Amino acid sequence: MANFELFKGPYNPQITEPAVLEYWERNSFSKPEYNAQTKQVDSLDELKKELTQHPEKKFTLINPPPNAYGRPHLGNISGYAYQDLMGRFWRMKGKRVLLFPGKDHAGIQGEIVVLREHFRQQGKSKQTMTREEFYAETYEYFTEMMAAALQDEKRIGLSADFERNVFTLDPTIVKNVLTTFEKLYEANKVYKGVRIVNWCTSCQTALADIDTEKKEREAPMYYLRYPLVEPVGNITHITVATTRPETMLGDTAIVVHPEDERYKQLHGRKVLLPLVKREIPIITDTQVDREVGTGCLKLTPAHAPEDYEIMLRWNENNPDKAVGWINVIDPQGMMCGPIGKFRDMSSDAAMNQVLSDFKEQQLYEKEELQSQRIPVCERCKSIIQPLMSSQWFIRVDEMKEQALTAVMEGSITIHPKYMTKKYTHWMKNLRDWPISRALWWGYRFPVWYKGSLETTYGDDGNVSEKIGGIAVNDFADAVAQGLAIVSQSSPGEGWIQDENVFDTWFSSGQWPYVTLEKEGLLDCMYPTDTMETGYDILELWVSRMIMLGLFRTGKIPFKDVYLHGIVKAEDGQKMSKSKGNVVSLDDLVGEFGADAIRMLYIVGNKAGASYRIDREKLAGNRNFLNKIWNASKYVFFSTADLQEPWEVTQASLSLAEEDKAIIAEVEKLSEQVSKKIQNFRFGLVAVDLIQSFWHSFCDVYLEQVKARLYTKDKEGNPINTSPEQQASRRAGQWTLWYVLGVYLKLLHPYVPFITEYLWASYPKSPTDSETIMHTAWPDKHT
RNA sequence: GGGAACAUAGCUCAGCUGGUUAGAGCAUUCCGUUCACAUCGGAAAGGUCACAAGUUCGAAUCUUGUUGUUCCCACCA
């Protein structure tokens, strides 16, 4: 039993919250197995049996797994308040609630952090360790760090089943995630191929489009002349504009708009590519913007994603006049390929050399300073070098159709509704998903090669692979030749495993079903009910869960997606370490309490809307908690002589008009709160709830009823002694008791700590739940 | 270039499918208290609902346009 003392003085969360936390943790109230009727924890089998018979009795919400290292900031924690609100609501509504917590290994960022924060101090690096040593030690490091992140989840009041907390690299999870890869491979939805990728020369890995961001910079645009092989009329050359002259060494065509009158007579003609003396054709594509530069685009398919797309399109429509690509920059950022003296220069040196050669040959026209947006690595901020590389891809064409349909036909609802467009737009434009990363920290590909695997950036500009010294066209070819195999375990002596690990989102994209399957709960708790996360990872994460969930289970992974806004720092800016405006839970939880912080997240806010940390609001929230505290204490001592109020029926009391009014208000409020929570409008109804408690119950009703409750006047003489007055007093006491109970329950999902603490002193029937977490929600009809 | 959201009191924002006199919190001004609470109570002041046109008996709310702010996406070489 909870033993919470009603101490004197103002409400002090520093006393109450740790005590409540300890109470929650000591019992197992947050487990779906906890049985409110028997007050026992059922077995897993009993739970499954019940949910099989009554599937409507479950509520599953998978908590988005935060990075396993380090402490989250106040913004990272905000989601837990929403997730917990839903969990507590449905639990009180009598459902078997599972909030499933986990931690993510965070791929690239995890590797960067552990190298910087852990290994560097010991003088270790990837050069001085084996892959196995690195993995084992990092695993241990992350396991330690995880405990700290868990503390914050608990501290904000998240009623998750923490015993089930699971790491993305837990062996059973790994096995399941890799099985998905195998199934994708069998279904021909995964392939290995040489494609253009966003290459981070610093992290030495490929990145998906969404793992890059754009940086603004001023850079010169150079105008370069390419002579025509044969002059057309008096035209002897064309001029192209570029910000990256060194890539001209890999040009394979010139592209003009088919309708551009200036160049119509040049279609199909050839230019002599300067410096490397290659003849390349002039082709057409409607994507070329006639207004930009000279209207002539130099096509470098190996080092510009747009050019690569144009090449594919052209080749599809003109198979007889197909153009190829020539890769001239290797993964280290050095020049390579059929480029003569430029080979082995750094790309910067090559750029200067190209420019000076053009000048010398009188082919240099001019330069103009221009602002441009260049892609950089989201994690390390290095400039992305697009290049050709052999990578694993997921074929998304079919998967994205299903994922689109699920949302457009309403099997999955996104809140706020207007974010649906963001999702559909992104999904429609989705290209094949590159899933391999050249890292050590993550899920290594379950792919094996016989002998060795070599990737060559050839002198001919090709990128090719050899397995055991034998050249292969592609992975399928290698499998056919018996040189490669997809398998979770080594096929035997002499086979080596693919060095790549999976993109982090490949594993977190499977989170809903791999977590439940680990616990044997897939049958009875999947699909989950709601996914709650920040709107900034709708595309990054939510979309992947929908695609992979549909693929692997044939079912949607969740029915509703609630997207919360971004919490800004006190200065209104996004929180970031570099700005120095990061606020942690520790900074504020002592002064205001977790309940006040949860209110800041939720009260008055709506889905998708951002807001900032506001100390004035926090102070207001703290004042409200104090109001609850004092009003409750008042009710407790002024109803102390009321016997077993739960046995009393309303009809047996002579209720005054004021009693009836507040009872009616609170009952109407219950319906509203229930309805709005179910409609995901948590924040706005919270304002009504607070208003009602503070201004109807405290300011009005409590003042009205006081005179009827006193048993002595100021001089100490007995008052309210007549039978009518006694009955009136009793009716007032009962009303206070009843109404406060309703308020505490309605408030509990919002401010769980104070309501739990007060619930211990609230007079309740012996059959009622000892924890407010499992008492019945007060609405009657919904 | 495309898309989305927002524009309401000094500040931060509510106002859901159009219906009396447009609301809350904070801030401001005045008044009040000693038997829950000064982390309090009562009251006041404060708004051409960005602008314009339209639909309507009626518009902060719906439509269109204009202006401004924010965010996202994209191929400006």
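Note that the coordinates shown come from a computational prediction; the quantities given were computed from them, not determined experimentally. Protein chains get the first letters and strands the later ones, always in sequence-line order, with residue 1 at the start of each. Values reported hereafter were calculated over all heavy atoms of this structure, with side chains retained and with hydrogens, waters and symmetry mates removed.
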**Asked** NA contact type, A/V240, heavy-atom cut-off 4.0 Å: base, sugar-phosphate, or nothing?
**Response** nothing
Have A/R313 and A/Q287 got a donor and an acceptor in their side chains that come within less than 3.5 Å? yes
side-chain hydrogen bond (donor to acceptor under 3.5 Å, both in side chains) filter on A/Q370, not counting sequence neighbours, yields none
* Do we see a donor-acceptor contact under 3.5 Å between the side chains of A/Y11 and A/N630? -> no
Ranking A/R373 and A/Q691 by the position along RNA chain B of their nearest nucleotide, the one closer to 5' is A/Q691
For nucleotides 27-41 of chain B, 5' to 3', base contacts (B), sugar-phosphate-only contacts (S) and non-contacts (-) with protein non-hydrogen atoms under 4.0 Å give --------BBB-BSS
Exercise for the section: State whether A/Q370 places a side-chain N or O below 4.0 Å from either non-bridging phosphate oxygen (OP1 or OP2) of B/rA77. Expected result: yes
Side chain proximity check, A/F624 to A/I690, heavy atoms < 4.5 angstrom: yes
Practice task
Determine whether the side chains of A/K298 and A/T247 contain a donor N or O and an acceptor N or O closer than 3.5 Å.
Solution key: yes
In whole angstroms, the gap separating C1' of B/rA14 from CD of A/Q672 amounts to 15 Å
Which of B/rA4, B/rA14, B/rC72 is nearest the side chain of A/K606? It is B/rA14
Can you confirm if the aromatic rings of A/W759 and A/F4 lie within a centre distance of less than 6.0 Å? no
Check your understanding: Is the closest basic N to carboxylate O distance between A/E658 and A/R708 below 4.0 Å?
Key -> yes
Item to complete: Consider only side-chain N and O atoms of A/D209 and A/N198, and report whether a donor and an acceptor are under 3.5 Å apart.
Response: yes
Self-check item: Distance, C1' atom - from B/rU28 to B/rA45, rounded to whole angstrom
Solution: 8 Å
* Asked: Between B/rA5 and B/rG58, how far is it from one P atom to the other, in whole Å?
  -> 28 Å
**Q.** Atom P, compared across B/rC49 and B/rA60: separation rounded to whole Å
**A.** 7 Å
Taking the C1' atom of each, how far is B/rA36 from B/rG41, in whole Å?
13 Å
Between CD of A/E291 and C1' of B/rC75 the distance, given in whole Å, is 16 Å
Examine B/rA4: is either OP1 or OP2 under 4.0 Å from a nitrogen or oxygen in the side chain of A/K421? Give yes or no.
-> yes
Original post:
What distance, rounded to whole Å, do you find between the two P atoms, one in B/rG23 and one in B/rA4?
Top reply: 33 Å
Sub-3.5 Å pairs of nitrogen or oxygen atoms, protein against nucleotides 16-22 of chain B:
unit_1 : atom_1 : unit_2 : atom_2 : d
B/rC16 : O2     : A/K676 : NZ     : 3.4

Review point. B/rC13 and B/rG18: how far apart are their P atoms, nearest whole angstrom?
Key: 26 Å
Separation of B/rU70 atom C1' from A/K574 atom NZ, nearest Å, is 13 Å
When all nucleic acid strands are considered with a 4.0 Å heavy-atom cut-off, which category describes A/L684: base, sugar-phosphate, or nothing? sugar-phosphate
Without placing hydrogens or testing angles, list every side-chain donor-acceptor pair under 3.5 Å for residues 694-702 of chain A, not counting sequence neighbours.
unit_1 : atom_1 : unit_2 : atom_2 : d
A/H695 : ND1    : A/D699 : OD2    : 2.8
A/S696 : OG     : A/E665 : OE1    : 3.2
A/S696 : OG     : A/E665 : OE2    : 2.8
A/Y701 : OH     : A/D659 : OD1    : 2.5

Across all chains, not counting sequence neighbours, the side-chain hydrogen bond (donor to acceptor under 3.5 Å, both in side chains) partners of A/Q14 are none
Rounded to whole Å, the CG-P distance (A/D289 to B/rC75) equals 14 Å
Whole-Å distance, A/L618 CG to B/rC26 P, equals 14 Å
Note: for A/Y611 and A/G295 on RNA chain B, the residue whose nearest nucleotide lies more 5' is A/Y611
Stems in RNA chain B, runs of 3 or more consecutive Watson-Crick or G-U wobble pairs with both distances under 3.5 Å, sorted by first number, are B:1-7 with B:67-73, B:10-13 with B:23-26, B:28-32 with B:40-44, B:50-54 with B:62-66
In whole angstroms, the gap separating C1' of B/rG2 from NZ of A/K428 amounts to 13 Å
A/K214 atom NZ is separated from B/rC73 atom C1', nearest whole Å, by 9 Å
Atom C1', compared across B/rU48 and B/rA7: separation rounded to whole Å: 15 Å
What distance, rounded to whole Å, do you find between the two C1' atoms, one in B/rA74 and one in B/rU56?
41 Å
Using the rule given for side chain to side chain donor-acceptor pair (under 3.5 Å), can you reason through A/T239 versus A/E365, listing the C-alpha separation, both sets of side-chain angles and the distance that settles it, and then say yes or no?
CA-CA 8 Å; A/T239 303; A/E365 199 165 299; 2.9 Å; yes
Once you measure the plane-to-plane angle for A/Y611 and A/Y601, does it fall in the parallel (<30°), tilted (30-60°) or perpendicular (>60°) bin? perpendicular
Quick check against the 3.5 Å criterion: does A/N717 have a side-chain atom that pairs as donor or acceptor with the backbone of A/D713?
no
When rounded to whole Å, the CD to C1' distance for the pair A/E309 and B/rA74 reads 12 Å
